[in-house]
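Read through the structure below, which is laid out as structure tokens, and then see the notes.
Everything numeric here is computed off the predicted structure, so don't read it as measured data. All chains are named by letter (A, B, ...) in the order of the sequence lines, taking the proteins before the strands, and each is independently numbered beginning at 1.
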Amino acid sequence: MRIKNPSLEFLIKTIVSLLAIIITLGITSTALYVEYKDRLNAEMKQLKEVSSLVRYLSTSEATLLVNKVGKNWVFTNTQNPDGEFLTLRTADGFQWNVTLDRKKIFSEMLLNRRLVIVMGMIGLLLALEIAILLAYSLTRPLKAIAWTCQQVSSGKWTHIPGNPSKFKEIQILKETFNSMVDQLKKLHERERQVARAERLAALGQLVAGVSHEIRNPLAAMRVHLDLLSETVSEEGKPSLMVLDQEIDRLNSTVSQLLNFARPKALVKGPVSLRELFGWTFNMVKMQLSKKNIQWRHELPQKDIYVWGDRDKLQQMLLNLVLNAIKAMEETGGTLEIKAIEETDFALLSIKDHGPGIPEELIDRIFDPFFTTRPDGTGLGLPLVLQIVQMHEGSIEVDPGPGAEFKIQLPLYREGGRN
Amino acid sequence: MQVVGFGGYALLVILLAGQAFYWHETRRFFYLGGRKLSLTISVSTFVATWMSAASLIGYTAWLYSDGYQAFTASVNGWLLGLVFLPFTVSKLRKSRALSLPEWLEENFEDSRLRKVSALALLVAYSLYIVIQFRVFGSIVSNMLGTPPIISSILIYLFVIYTTFGGLASVAKSDALNLAIIVLGITVGAIFVIKQVGSPMKIHGIIAENHPHLLETLDKRGAIFTFSMMLGWGFGVASNPQYAIRIMSAHRPKSAFSMLWISALIIGWIYACTTLIGLGGKVLSSSAASDQAGSLYHLISTALPPQIYTLLMIAILAAAVSTANSQLLLATCSFCYDLFPSWSAHEEGDIIREDRFLLINRIGIGIIATFCLILSQLPLPGILDLGQYSWAVVSICFLLPMYLPGKKKKEGLFIAISAALVLHTILVYVFQIRPEQALLPSLLVEGTLWSLLSRRSRT
């Protein structure tokens, strides 16, 4: 939507500028007018004094006097001239009609007061510069606030950037807005957690009901498949192999569902990250070479031990690595996996060089059954989140390009857990 | 009359040409008007920037004292430079650079080029702004009888007022200034012609009373005059003020149109100033010793108060329009080219971009204040300062902008640095005039560049 209203900055600037112009012009012209009036009065007083004096003087003496003091007077010999004329009559009967040369008096006054006028202009320009800076400093924080509102409305929980404002009102607005964003973010997260919990509860019930019904037939199918494999001809064996693989896949999906819906209690102990990385590499090395992906892992010389369930952690890391491989299967590249030791936690990072996660999907990737792949179950990342949470760790995602998952897990210390 | 005229001009600038801080401003908008300047605005800002107080006062006063040789050495050179400019349009328009130093860096892949040329620009333009402040101070003092420092503070405020909003506001004020320049100069010329009779009659009287003014060459010889002309011409051809206006035009076609329409208006203004200078000699032949004083004397004795005031205001408009453009470029060189880390963020990062533009505005204030202080110190005459700054600009940009053939990246930085050092030595140690020292400096620059680039290839 295009807003055609005048900007606040324009209004402040215009109003202050107009005020400055009016005040400057008002003060300067009043001062000049007062001085002009004073000069007129002084000249008129002098004219009257001369008028009363010349009646005792001869024409030649009066002419000398008038020429000397009457530089700003206009003379005429007309009998009844228009306007305010004063008649000067000499002792020998000569007379002039005299009035003041107002234009000349005004010009002289302007010339004498030119410095005042120039200083008025300087004052006016300074006032305008101040008006501009005032409008600028008042409206720029609004620009930052407007920008942040746009960010929040597009789903990014951003604070208003910049240093604390010098203006109390703006600072209050900034703090309140930032606090509102934090609250909204928490609320949003809580809503998501509730939605996830509801889905999990529903999933638990569903899985409880269905898994038994699926697992038993699957077990029977596996037994009969084994029996068949001994009797079937060589031509039929490829078909049996396909059946075997598909049963495995079904079993795996059902296991994942069960694991996710009803996770087993953790069996915690010290887990070596070097071993964890080695195990994961062995699991995926065939896929890596097939998809032309290089594996690079970094660990400090001294191994890091975390306190957790080895099986669960293997599952967590494998899921993340498989995700990364999927992200790079078209482009190839390097899969970087590293771990560093921090004060209380081990920080694991798994980074691919794929196209990254679209920003609009970033909030949904941990939702159960949410997937963008036609062959995906949508359970891989939710399972990762669940395992991390069960270990009292945390997970962060940098959407990339080149997505990076950063996981904090509690460290194992000699003599027990951290 | 002068007080009223000057006050009227001040109010016009305040009301019509006030700058604005745009809500969606970026550095592209601030430095190049978003590359969206219309043809009319482009022409206005090009011509108004071209017509500096130095070119109006210096040229008219020179013409008044030395006759046609002023035309041969200066206007010829300036117009020669204008002929070069269309050849840069496609080169400059292809680039996404926001300044000429950045264009150098982009084209020759050497960040040192950007730094050295930005530093040269900062020095050259600061000197040129000093000229505008001095001229303005001198004229207003003559007009109003105020102390020169007060008059210089006035232009300082005018220039800051019209530069704070970036190129868009500079261009807006230039439209008003150009109208005043054209009006003032035209009315002045018409009056002079009316007084004397006709341009041919001016020529005839000068031939009769001041035959030495008909000499087209300087008494120091043709080479002297020719080298001076080339110095001015090269200065114009490589002047970033014009390059920026070519870059900021809406389309390449409007950049070409801007150049030829501007050439017509500039030609008209020079024709009028020539008539005023020579006609003034016919009407009043005694002159003051300095350049600004000489022009002031010429027009105050030869012209009636109304036309004299109009002409003075035209010169003020020329000073303001050139100073604000140069102040913007000097600021760009300082904030954008000398310290590129200040603008290392994305243009779309509006918060940091806003802070960067605020730094630019502070830079405008600092450079203008520095120039105001310099303008109150005893410095060489107007033309000398102008020639030095134009020569420095030519050394940095002329060869990279115009040398045909394949781009040679190697050796350019050393060549430019050596030429700048050589030029400074020739001017300050050997006391050679800046525009004459320019030619050997350019020769050394070209030779060094060619040799170093060949050596690096072998």
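- Evaluation of the salt bridge (charged side-chain N to carboxylate O under 4.0 Å, His left out) rule for A:Glu336 yields A:Arg296 as partners, not counting sequence neighbours.
- For a residue to count as touching a neighbouring chain, one of its non-hydrogen atoms must lie under 4.5 Å from one of that chain's; by this rule B:Arg355 touches chain A with the side chain only.
- For B:Tyr156, no part lies under 4.5 angstrom from a heavy atom of chain A.
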Using distance only, find each side-chain donor-acceptor pair of residues 168-175 of chain A under 3.5 Å and give its atom names and separation, not counting sequence neighbours.
unit_1: A:Gln171; atom_1: OE1; unit_2: A:Ser165; atom_2: N; d: 2.7
unit_1: A:Gln171; atom_1: NE2; unit_2: A:Glu175; atom_2: OE2; d: 2.9
unit_1: A:Lys174; atom_1: NZ; unit_2: A:Asn163; atom_2: O; d: 2.6

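- For a residue to count as touching a neighbouring chain, one of its non-hydrogen atoms must lie under 4.5 Å from one of that chain's; by this rule A:Ile21 touches chain B with the side chain only.
- Side-chain atoms of B:Ser248 and B:Leu167, non-hydrogen and from C-beta on, do get closer than 4.5 Å to each other.
- For B:Tyr336 and B:Phe30, the ring centers sit 6.0 Å or farther from each other.
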